[in-house]
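Quick notes on the structure that follows.
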Amino acid sequence: MSSNLDPVIAARLKRSPDGLVPAIAQQYDTGEVLMLGWMDDEALHRTLTTGRCTYWSRSRQEYWVKGDTSGHIQHVKSVALDCDADTVLVKVDQVGAACHTGARTCFDADVLPLGK
């Protein structure tokens with residue numbers, strides 16, 4: 001699949017065998033971790049150039065822009081690669097719920113107990 005992603009950025013990315021990198025969405029001002037999605041080169045390019053998070057749906061095999069159907073938009077504030085260039089951190093201003101269940105974050109409903 002071709003992409004318009006800057007070749008310098010594309011050369012740095014370490015993708016999974018299916019060409020994807022995990023993308024963590026984090027609320028830019030509070031640090032709250034909102035969700036994890038998947039991006040290929042084109043989804044990352046669209047995210048960087050439109051200011052809206054674009055992800056690759058592994059189940060539907062298509063791009064989706066967060067908020068296009070729900071109205072729960074992610075306005076991109078910054079994008080960073082981790083030290084291994086195999087994960088993307090997208091700091092966003094989240095409008096409404098980030099989780100498809102309607103919750104603010106995907107990570108607050110099933111907190112696991114810690115052994116002491």
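Any value given below was found using the heavy atoms of this structure, including those in side chains, with hydrogens, waters and symmetry copies removed.
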Next item on the list: Under the side-chain contact (heavy atoms from CB on, under 4.5 Å) rule, what do L13 and L5 come out as? Steps first, then yes or no, please.
Entry: CA-CA 11 Å; L13 286 178; L5 184 63; 3.9 Å; yes
Which distance, rounded to the nearest 0.5 Å, do you find between the [atom1] of [X] and the [atom2] of [Y]?
{"X": "N4", "Y": "L44", "atom1": "CG", "atom2": "CG", "result": "12.0 Å"}
{"X": "K77", "Y": "Q27", "atom1": "NZ", "atom2": "CD", "result": "9.0 Å"}
{"X": "T87", "Y": "M39", "atom1": "OG1", "atom2": "CE", "result": "11.5 Å"}
{"X": "S16", "Y": "D86", "atom1": "OG", "atom2": "CG", "result": "10.0 Å"}
{"X": "D82", "Y": "L89", "atom1": "CG", "atom2": "CG", "result": "9.0 Å"}
{"X": "Y55", "Y": "W38", "atom1": "OH", "atom2": "CH2", "result": "12.5 Å"}

Margin query: Please determine whether a side-chain nitrogen of the Lys or Arg among D41 and R15 lies less than 4.0 Å from a carboxylate oxygen of the Asp or Glu.
Written below: yes
Check: Taking it one step at a time, do Q94 and E32 satisfy side-chain contact (heavy atoms from CB on, under 4.5 Å)?
Finding: CA-CA 10 Å; Q94 177 70 49; E32 180 182 29; over 6 Å; no
Please name the pair of heavy atoms, one in [X] and one in [Y], separated by the smallest distance, quoted to 0.1 Å.
{"X": "Q26", "Y": "L34", "answer": "C-CD1, 4.0 Å"}
{"X": "A103", "Y": "A97", "answer": "O-CB, 3.1 Å"}
{"X": "D68", "Y": "R52", "answer": "OD1-NH2, 2.9 Å"}
{"X": "T54", "Y": "T47", "answer": "N-OG1, 2.9 Å"}
{"X": "A43", "Y": "W56", "answer": "CB-N, 4.4 Å"}
{"X": "T105", "Y": "V33", "answer": "OG1-O, 2.6 Å"}

Check: Passes side-chain contact (heavy atoms from CB on, under 4.5 Å), V88 versus I24? Steps please.
Finding: CA-CA 6 Å; V88 175; I24 301 164; over 6 Å; no
Notebook entry, point to check: Are any side-chain N or O atoms of R46 and backbone N or O atoms of C53, one a donor and one an acceptor, separated by less than 3.5 Å?
Noted result: no
Check: Do the side chains of L48 and D6 get nearer than 4.5 Å, heavy atoms only?
Finding: no
Item checked: Residues Q74 and D93: side-chain donor-acceptor under 3.5 angstrom -> no
Check: Would a hydrophobic clustering, with Ile, Leu, Val, Met, Phe, Trp and Tyr connected at side-chain separations under 4.5 Å, put L81 with V76?
Finding: yes
